[in-house]
Amino acid sequence: MAARNRDRIVHFYEIADADAPASSRLPHRDWGAHIRRLCAQPPAQRTSRTGDEILIGAVDTLQTAPHLLLAKVRQDVPQLIDHVDGTLSHLQLAADKELVDVTTVYFLPFGNVLATMAGGTSAPRAQALKRWLDDMHAAAPEVRNIELRPVVNARSREKLAHAAAIEQLTVRIAPEPPDSPTALRASSDLGTALSRLHEDNPDMIITLKLEVPKKSRVLSPRRRARGHNHLLASTQVFANDIADWLDNSDAVDTAAAQARMEAWHSEADDEKIDFVSERITAKCVVPFSSSDGHAIDLQVALNQLERVSLQNERVLRAAVSADL
């Protein structure tokens, strides 16, 4: 069957210590060599199990690029069709073999930054990668609890932290592919409400818009200030849920806030905080090596990951304070 091309989004993350202050960074490590040593162990020693999810790490010894292949064992049983007589049958595998979905991870040579490309919609996401790294004690003994921080434009990272008020917040949640529904984990009140709505209405677009009225006759200055402060506090907490959803689902279509930035030398400026577009990502066009979208040729994936990492090196270095 002829190969098909599909768009794939490359996500960039910084490996950090979840128990350390948000501004702290780890000394750079040669992750490629470290992961290669870990994956030289027998499969059982590089397998992570959480509930029904089984993750296995591997490297291709024929590839020189620093990488990790994170495989998630598939729970479904595909069927085959015989085009001669039209009969269906289950795919029969040997007892020691299983089907997997794979995410390719490429380690950049600076700032503990990595790039990921999922082989399909059900391939491991950032949370699964973090869980595997933690279970393998990949950063021990210095770090016991790894955090994968999305690499965000250096300017936009400071906007929410320095905002004096939030005037408007808009979030749009879209239906996900039918073969990969995601439970949106939440720790904030807004996130919990949206997660419940998404769970109860998986086939609907859900739009949340919170706005403090601008017209003075609607609210007094005191109430408007109270509304701005309340929305700022809610957005700061909700931002963590948005980041997690962007990492581990395809549900977030829009997430943006209109912020008022105070400046000591001038009048306050209004700036847009776009939680989706201000994350540093890249788009690749890659051929699938299978017709169902569960696999991407490894060499192609690594070439594309290396290419987009080089293209975005300047902005990535600035974002993680790893300037040349």
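Note that these values count all heavy atoms, side chains included, but never hydrogens, waters or copies made by symmetry.
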Main-chain N/O of [Y] paired to [X] side chain as donor or acceptor, under 3.5 Å:
X      : Y      : result
Asn248 : Gln127 : yes
Arg25  : Val320 : yes
Arg46  : Gln41  : yes
Lys272 : Ala256 : no

Can you confirm whether [X] sits close enough to [Y] that some side-chain heavy atom of one is under 4.5 Å from a side-chain heavy atom of the other?
X      : Y      : value
Asn112 : Arg29  : yes
Leu194 : Trp245 : yes
Cys284 : Val308 : yes
Leu69  : Thr104 : yes
Arg172 : Thr207 : yes
Phe107 : Leu68  : yes
Leu210 : Leu190 : yes

- Message: Taking Asp247 first and then Arg279, would you say they form a salt bridge - that is, a charged N and a carboxylate O separated by under 4.0 Å?
- Response: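 Yes, charged N to carboxylate O under 4.0 Å.
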- Task: Could you tell me whether Lys159 and Asp274 have a side-chain N and a carboxylate O separated by less than 4.0 Å?
- Result: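 Salt bridge flag = no for Asp274 with Lys159.
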- Message: Between Lys130 and Asp134, is the salt bridge (Lys or Arg N to Asp or Glu O under 4.0 Å) condition met? List the steps.
- Response: CA-CA 6 Å; Lys130 168 201 157 38; Asp134 276 341; 2.6 Å; yes
Answer yes or no: are there more than 12 heavy-atom neighbours, outside [X] itself, under 6.0 Å from its atom [atom1]?
X      : atom1 : answer
Arg144 : CZ    : no
Asn145 : CG    : yes
Asp200 : CG    : yes

- For the student: nearest non-hydrogen atoms of Ala257 and Thr235, plus distance: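 Here Ala257 and Thr235 meet closest at CB-CG2, 4.4 Å.
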- Task: Output every pair passing side chain to side chain donor-acceptor pair (under 3.5 Å) with a member in residues 222-234, not counting sequence neighbours, ordered by first then second residue.
- Result: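 Matches after skipping sequence neighbours: none remain.
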- Message: Does Leu114 form a side-chain contact (heavy atoms from CB on, under 4.5 Å) with Trp31? I'd like the steps, not just the answer.
- Response: CA-CA 9 Å; Leu114 58 85; Trp31 287 97; over 6 Å; no
- State, without any angle test, whether Arg8 and Gln304 hold a side-chain donor-acceptor pair at a distance under 3.5 Å.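 Short answer, no.
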